[in-house]
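Here is the structure we will look at.
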Amino acid sequence: MTVHQLSIFLENRSGTLVKVLKLLKDQGIQLIASTIADTAEYGICRIICSEPVRAFDILRDAGVAVSLCEVFALELDDEPGRAADAIGIFAAEGLSIAYLYSFLLNGKGVLIFRTDNADKARDVIKRNTLSFIPEKDLSKLL
Amino acid sequence: MIWNQNKETMSREQMRALQGKRLHKVVSYVYHNVPFYRNRLQQMDITPDDIRSIDDIVKLPYTTKQDLRDNYPFGLQAAPQSEIIRIHASSGTTGNPTIVGYTRKDIEIWSECMARCLTAYGVTRDDIMSIAYGYGLFTGGLGAHYGVETLGAAAVPASTGNTEKHVRLINDLGITAIACTPSYALHLAETMEKMGIDKKSLKLRVGAFGAEPWTENMRTEIQQRLGLKGYNIYGLSEIMGPCVSYECSEQDGSHINEDHFFPEVIDPDTLEPLPYGSTGELVFTTLTKEGMPLLRYRTRDLCTLYQDQCACGRTSVKMGRILGRSDDMLIIRGINVFPSQVESVILSMKECAPRYLLIVEREGNLDTLTVQVEVRQEYFAQGFDTFEPIFKLEKELGAKLRSVLSISAKVQVKAPGTLERSQGKSKFVIDKRVLK
């Protein structure tokens, strides 16, 4: 139901992002999706990648401000309105989305998000039999 | 005008004789009432009887801020608690403030010395003076206030903050004199201009500016923008508060109230006394204080002492402008800030690495302090995923800094390893203020 995501604290300064990406590149880690949230002074780079646990170790050992966390990964058909349907279910249950991003993988839409209540979100996904992507499938699809 | 003709225009011989007499008395007083000084004098094999003239002052030990800290809070107090009628506190280097207790006579002397300053600036009982130094633990507000009342002018305890209201009062009440920091005077001028108030419609004519370093160019600008004459006032809470020295109508060097505060300038490295005219660290001995008399207190302020034939008629020794510090203290908005205070706050937070940078800037006419601090990598590794914990940490640090420093600081969290690791303490501070 959840996949590993790297969250990296970055300062808004040129060169900080490329340093992180190069560390991953040098160790043969492949990015599947990435997004950056920013404020005036800071950014958080969120990355879904191959071998996330190894990627975390590489970055941590290089002194990067990184954490490894779990985020929900729903699989949706690639047609209009599917995201609205899925998010609508969470909204109806009173769950808030902290952040969300999506990407296409082999013809399927993938919705990555974090909610304010992980246990409840897990329960909602189960009850509504929403389809999710197991982490091993993400790498398999590469 | 001169407030105390006798003391302020005394011949040099008379003054030296008076100082010698008073020095003997104060040494004898601390010898019998302050164990710290008795021990120190005994170690040096000095008794009060060895102090027969002011020239004997070189035999006495120095007192430092560290001594005050080690004897916190009342260890250097000479008078019994029942004689103390007021207690002030100023910032210390590790969070322990410096505590200064005053007896009734101390307050009287302080008020008189302050009245001498105000009279030298041309303030009389016909004036209305607003005091925009902070009222509180800081000696600026109450010190100036009592001086104005002693003089017989009307004191307006405006304190700091709410500048627009203050400008209105200056305008509506016809306030003629003001006491504040020079940077606040510029801020006041700016506010006044923004409010569309012409300086010509104001009655301001005298400004008593102090508590932070300033320059001739700042004086010219303040005088021009506020339409008054600005005079320097100098003091420090350990010795008394504002009133230790003051400029006269000549606006050329500050006369020291040396019948109460004996000045010396020393080499801060060798601790050797320096002759008049040399730049060194200013040292004061309180000659009449009862609450907490101090022998040869090292102010850490660098300046020059000199004697001239001042056209105002005063005969006292003068001190030039403060040229800097012999330690790492910063003066921000008139408040003393030590980098070590910031460090103590940072070390108390487990999220923070002991690496930080203080950036002092002047935005408009007000000083700002930014504290950049590195957050430990482990803090991020434990589930960091949104900005919330960063903002929370900045807020928490900001609140702690405010309570320790008494001024607000902007906090910026930095990623691990982004601040330069430095050896010298001064590298923790970038002071971008340009005092033109």
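Residue numbering restarts at 1 for every chain, and letters A, B, ... go by the order of the sequence lines.
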Flag side-chain contact, heavy atom, 4.5 Å: B/Val375 against A/Phe9: no

Most chain B-contacting option - heavy-atom pairs closer than 4.5 Å, from A/Ile8, A/Leu6, A/Ile44: A/Ile44

B/Glu193 CD: over 12 foreign heavy atoms closer than 6.0 Å: yes

Closest-packed option against chain B by number of heavy-atom pairs under 4.5 Å, given A/Leu68, A/Leu59, A/Val71, A/Val64: A/Val64

Can you pull out the donor-acceptor contacts between chain B and chain A, under 3.5 Å, including backbone atoms?
unit_1, atom_1, unit_2, atom_2, d
B/Gln377, NE2, A/Arg60, O, 2.7
B/Gln377, NE2, A/Val64, O, 2.8
B/Phe384, O, A/Ser67, OG, 2.4
B/Asp385, O, A/Arg46, NE, 3.3
B/Asp385, O, A/Arg46, NH2, 2.7
B/Asp385, OD1, A/Gln5, NE2, 3.2
B/Asp385, OD1, A/Ser7, OG, 2.4
B/Asp385, OD1, A/Arg46, NE, 3.3
B/Asp385, OD1, A/Tyr99, OH, 3.1
B/Asp385, OD2, A/Tyr99, OH, 2.4
B/Asp385, OD2, A/Arg114, NH1, 2.7
B/Glu394, OE2, A/Tyr42, OH, 2.2
B/Lys410, NZ, A/Glu41, OE2, 3.4
B/Val413, N, A/Tyr42, OH, 2.8
B/Val413, O, A/Tyr42, OH, 3.3
B/Lys414, NZ, A/Glu11, OE1, 2.8
B/Ala415, N, A/Glu11, OE2, 2.7
B/Thr418, OG1, A/Glu11, OE2, 3.2

